[in-house]
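Single-structure report; data block below.
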Amino acid sequence: MDVHLENITAYHPAREQDEVFALKNVSFQVKTGEHVAIIGPSGSGKTTLLQIVAAAMKPQSGVLSLGGINPWSISGGALRQLRQHLFYAPQIPPLPPRQRVVTSLSASRLGEMGLSKSILNLIYPQYSQDALNTLSLFDLNEKLWSRVDRLSGGERQRVGLAKILMSRADLWLVDEPLSALDPKRSRQAIQVLIAEAKKRGVTLIVTLHQVDVATKEFARVIGLQAGELAFDLPSADITKNILQDLYAQNEHEITQLETQLFHAE
Ligand SMILES: Nc1ncnc2c1ncn2[C@@H]1O[C@H](COP(=O)(O)OP(=O)(O)OP(=O)(O)O)[C@@H](O)[C@H]1O
């Protein structure tokens, strides 16, 4: 599914008084099957941007088009149908605490199950073989029947990624999927996500704090700064100066950036 944003401006209803917007005049296109990373300092609008693309938040102005359809100009029923084609994975995966991993993974296919199968899924989890195969991509096969609240933070985050792969959506919107993972697991997890997206022709948009992962693993990187598009470049064209400018206002993150770039060399 292709994504097209034209002059999107958005703000949160409960914003601070001094905040005028979370996104301002943001325009870009992502082709079907393309993979894009979005980076930027904390508060630059990365999550808001994903929520806009997921049609979970309505922009104040501008036009969003998903597969040629403006989600805000169609009926509620058509919007629900359109949303079945995309998977939005928030920063903290919403995993009900007492649920087993297998149930949580199969819930990614609730949209195609129908009511009776969905209820049955709570007792006899469906698609358990697919769930096992997916978990094995993240070295989590032995956790298939574990309760979600007995997993470590990093394991929970990888279950969140496995849930994306279990879905049959053709647009994946993934918000900071690596925050609880060590560098080696981060690299491995993002490589699995990209390889699966490629295999299935899925369009992938991922927000990342790990600049080194974004520039090494993604062919295209978009930089956001204070709600505006700072750059939209092939990763090969992104220099240290461009990155330093992006994070210039944020001392803490520029130190992190230097560490990442230093280790990446
Ligand atoms: N639910 C909300 N209510 C009010 N304001 C919000 C809300 N969520 C975000 N904002 C504001 O919108 C702006 C963009 O926030 P957003 O969460 O999109 O940034 P981000 O780049 O994802 O940050 P981070 O990297 O810290 O997750 C910030 O100024 C933030 O304070």
Side-chain angles (χ1 to χ4, degrees), residues 3 5-28 30 35-62 64 71-72 86-95 153-154 156-157 160-161 164 171-181 183 186 189-190 193 204-215 217-218 220-233 235 238 242-261:
V3 175
L5 283 84
E6 209 176 299
N7 282 326
I8 294 283
T9 293
Y11 54 77
H12 295 272
R15 68 196 181 282
E16 301 290 332
Q17 272 186 339
D18 58 339
E19 284 171 356
V20 186
F21 50 77
L23 292 175
K24 190 182 176 194
N25 288 332
V26 173
S27 302
F28 62 85
V30 181
H35 311 149
V36 180
I38 297 179
I39 60 172
S42 193
S44 58
K46 302 182 294 298
T47 299
T48 308
L49 181 56
L50 278 196
Q51 289 171 344
I52 291 284
V53 177
M57 181 177 167
K58 192 175 177 182
Q60 268 64 41
S61 60
L64 166 70
W72 300 110
L86 61 92
F87 193 103
Y88 170 62
Q91 256 178 65
I92 299 168
L95 303 173
R156 229 171 289 169
Q157 201 158 37
L161 290 170
I164 304 171
L171 170 62
W172 294 347
L173 304 165
V174 192
D175 199 7
E176 285 177 34
L178 312 178
S179 55
L181 304 183
S186 291
I190 212 76
L193 200 62
L204 175 65
I205 306 180
V206 182
T207 71
L208 285 170
H209 270 295
Q210 291 85 343
V211 170
D212 56 333
V213 177
T215 52
E217 305 294 339
F218 287 82
R220 176 181 172 195
V221 179
I222 289 177
L224 273 186
Q225 195 176 44
E228 297 187 69
L229 213 70
F231 60 79
D232 178 357
L233 288 169
S235 47
I238 297 177
I242 290 177
L243 293 172
Q244 273 162 347
D245 283 350
L246 186 68
Y247 290 94
Q249 303 302 318
N250 195 320
E251 245 174 68
H252 165 67
E253 284 178 290
I254 202 137
T255 316
Q256 269 185 358
L257 174 69
E258 273 161 10
T259 313
Q260 286 178 18
L261 295 175

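Whatever order the structure lists ligands and atoms in, that order sets their numbers, starting from 1. Because only heavy atoms are used, hydrogens play no part in the values below, and waters and symmetry mates are left out as well, while side chains stay in. Nothing here was measured: the structure is a model prediction, and the numbers come from that model.
Under the 4.0 angstrom criterion for non-hydrogen atoms, G40 is not in contact with ligand 1. The shortest separation from a heavy atom of P41 to ligand 1 is under 4.0 Å, placing the residue in contact. Using a non-hydrogen distance threshold of 4.0 Å, E176 registers as a contact of ligand 1.
Neither side chain, Q91 nor S179, offers a donor N or O lying under 3.5 Å from an acceptor on the other. A side-chain N or O of H12 and one of T48 form a donor-acceptor pair less than 3.5 Å apart.
Taking all heavy atoms of H12, M57, Q51, K46 into account, the minimum distance to atom 25 (O) of ligand 1 is reached by K46.
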Name each donor-acceptor pair under 3.5 Å that joins a side chain in residues 221-228 to protein atoms two or more places apart or in another chain, with its distance.
{"residue": "Q225", "atom": "NE2", "partner": "D245", "partner atom": "O", "Å": "2.9"}
{"residue": "Q225", "atom": "NE2", "partner": "L246", "partner atom": "O", "Å": "3.1"}

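Remark: I92 CD1 is loosely packed, at most 12 non-hydrogen atoms of other residues, nucleotides or ligands lying under 6.0 Å away.
Residue-ligand proximity, H209 to ligand 1, at heavy-atom distances under 4.0 Å covers atoms 25 (O). Distances below 4.0 Å separate heavy atoms of Q91 from the following atoms of ligand 1: 27 (O). With ligand atoms numbered from 1 in the order given, ligand 1 contributes 14 (C), 15 (O), 16 (P), 18 (O) to contacts under 4.0 Å with heavy atoms of T48.
Taking only nitrogen or oxygen atoms, main chain and side chain alike, A22 does not reach within less than 3.5 Å of ligand 1. For ligand 1, the polar-atom distance check finds an N/O of G45 within less than 3.5 Å of one of the ligand's N/O atoms.
Every residue two or more places apart in sequence or in another chain that forms a salt bridge (charged side-chain N to carboxylate O under 4.0 Å, His left out) with E217 is listed here: R187.
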Practice prompt. Could you go through the salt bridge (Lys or Arg N to Asp or Glu O under 4.0 Å) check for K46 and D175 one step at a time?
Written response: CA-CA 8 Å; K46 302 182 294 298; D175 199 7; over 6 Å; no

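Counting heavy atoms from C-beta on, the side chains of L5 and S27 never come closer than 4.5 Å.
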